[in-house]
Amino acid sequence: MGSESSTVLNHLRKNRYYLDGGDIYFLAGNELFRIHRYFLERESHIFRELIKSPTVPGGPRNGESESTAIVLPNVPPAAFEKLLNVFYNPKFSVYDWPREDWMTILELSQRWGFSEVHNLAIRELDKINIPLISRIVLYQRFELDQNHLLPWYAELCKRPRALNNEESEAIGLATAVLIFKARECLWARSSDGDTSPLPNGLQDDDVHAILVTLLGGGAPPIPPTSH
């Protein structure tokens, strides 16, 4: 390693995840990480390809030493730490982390193809108390599957109060129209003015069926007339 590289490395800070026994090096911001490649190779096809590639043909593999540390562009050290917390969590399956941490984990796991971590982040976010509109906006931002969004859309359909202008703008025109159409169908057959939480005779399955049909472009099923 040349003197210039040595000088650069001397100015880098070793992160708390600079672990004895770690066998791969990463650089995020100005912090060096030394961790165990097993987790990354097991969980992410993107990292599997990155790790096995040499820095130059015939040279050492990426991340084999501090001088060949894999650079993570536009990833703050604190963000990479949050992802690593999943693999090195001392409480095993207990995660008492805030919403912001799981949002960071969701973003990085999506970027790097950690599918199981991605699913974990969604499950943990589902447990956290987040305002309904904010939750839908968050899940839309990360382009979650519509099947995961359907239960939250259903909550909007079931509540007595319709979307206001601010909420409609936040979730987007297409989603707002979907919710308005579903609510119109659900409430159209209510003859007694009941508004809490659903017209008489309707169940959660009816809401789900109407949303699925509308998303598929078909005519929504007619809910039963309340008696």
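In terms of heavy-atom proximity, I136 sits nearest to I171 at CG2-CG2, 4.0 Å. Contact record, V207 with A154: CG1-CB, 3.7 Å, taken as the closest heavy-atom pair. Of all heavy-atom pairs between A79 and L108, the closest is O-CD1, 3.4 Å. Across every non-hydrogen atom of P76 and N74, the tightest pair is CD-O, 3.8 Å. Closest of all the heavy-atom pairs between V86 and W97 is N-CH2, 3.8 Å. The minimum heavy-atom distance linking I130 with L125 is given by the pair CD1-O, 4.0 Å.
Two residues are said to be in side-chain contact when any heavy atoms from C-beta on lie closer than 4.5 Å; I105 and V117 meet this criterion. Two residues are said to be in side-chain contact when any heavy atoms from C-beta on lie closer than 4.5 Å; F33 and L27 fail this criterion. Side-chain contact check for R141 versus M103: some heavy-atom pair is nearer than 4.5 Å. No side-chain heavy atom of E64 sits less than 4.5 Å from a side-chain heavy atom of R37. For the pair S168 and L173, the minimum side-chain heavy-atom distance is 4.5 Å or more. At least one side-chain heavy atom of L214 sits less than 4.5 Å from a side-chain heavy atom of I210. Taking 4.5 Å as the limit, every side-chain heavy atom of V177 sits out of range of all side-chain heavy atoms of F180. W102 has its side chain within reach of Y95: a pair of non-hydrogen atoms, C-beta onward, lies under 4.5 Å apart.
Residue Y88 is tested with R16, H36, E81 for a side chain to side chain donor-acceptor pair (under 3.5 Å); the sole match is H36.
Interatomic distance, L156 CG to I179 CD1, rounded to the nearest 0.5 Å: 5.0 Å. I128 contributes atom CD1, which lies 8.5 Å from atom CZ of R99 (distance to the nearest 0.5 angstrom). Between atom CD1 of residue I46 and atom CG of residue L40 there is a gap of 12.0 Å, rounded to the nearest 0.5 Å. The line from CG of L178 to CZ of R183 is 12.0 Å long, rounded to the nearest 0.5 Å. In this structure, CD1 in I24 is found 13.0 Å from CG in L19, a value given to the nearest 0.5 Å. Note: Y153 OH to L211 CG = 9.0 Å, rounded to the nearest 0.5 Å.
Salt bridge status for D23 with R34: absent, with no side-chain N to carboxylate O gap under 4.0 Å. Look at R111 and E107 and you find a salt bridge, because one of the NZ, NE, NH1 or NH2 atoms lies within 4.0 Å of a carboxylate O, short of that distance. Under a 4.0 Å N-O distance rule, the pair E31/R13 qualifies as a salt bridge. Under a 4.0 Å N-O distance rule, the pair E155/R161 does not qualify as a salt bridge.
Applying the 6.0 Å contact sphere to CD of Q140 captures more than 12 heavy atoms from other residues, nucleotides or ligands. Within 6.0 Å of atom NE2 in H45, 12 or fewer heavy atoms from other residues, nucleotides or ligands are found, so the atom counts as exposed in its surroundings. In the displayed structure, N164 atom CG is contacted under 6.0 Å by more than 12 heavy atoms of other residues, nucleotides or ligands.
In terms of modelled atom types and a separation under 3.5 Å, the side chain of T68 and the main chain of S65 share a donor-acceptor contact. With hydrogens and angles disregarded, no donor-acceptor distance shorter than 3.5 Å links the side chain of E167 to the backbone of I133. Judged by distance alone, with hydrogens and angles left aside, the side-chain atoms of N15 form no donor-acceptor pair with the main-chain N or O of P77 at under 3.5 Å.
Side-chain contact of E43 with Y38: a donor-acceptor pair under 3.5 Å is absent, judged by distance alone. Y139 and D126 form a side-chain donor-acceptor contact under 3.5 Å, judged by distance and modelled atom types alone. Side-chain atoms of N62 and Y25 form no donor-acceptor pair, as typed in the model, at a separation below 3.5 Å.
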- Query: After noting the C-alpha distance and the side-chain angles of L12 and Y18, does the key distance pass the side chain to side chain contact (heavy atoms under 4.5 Å, CB included) rule?
  - Reply: CA-CA 12 Å; L12 295 177; Y18 192 97; over 6 Å; no
- Trace of the side chain to side chain contact (heavy atoms under 4.5 Å, CB included) decision for L144 with W152: CA-CA 12 Å; L144 297 198; W152 307 109; over 6 Å; no
- For the pair E124 and K127, evaluate salt bridge (charged side-chain N to carboxylate O under 4.0 Å, His left out) and give the outcome as yes or no after the intermediate values. CA-CA 5 Å; E124 292 300 317; K127 299 175 186 177; 3.0 Å; yes
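With ring centers used as reference points, F114 lies under 6.0 Å from F47.
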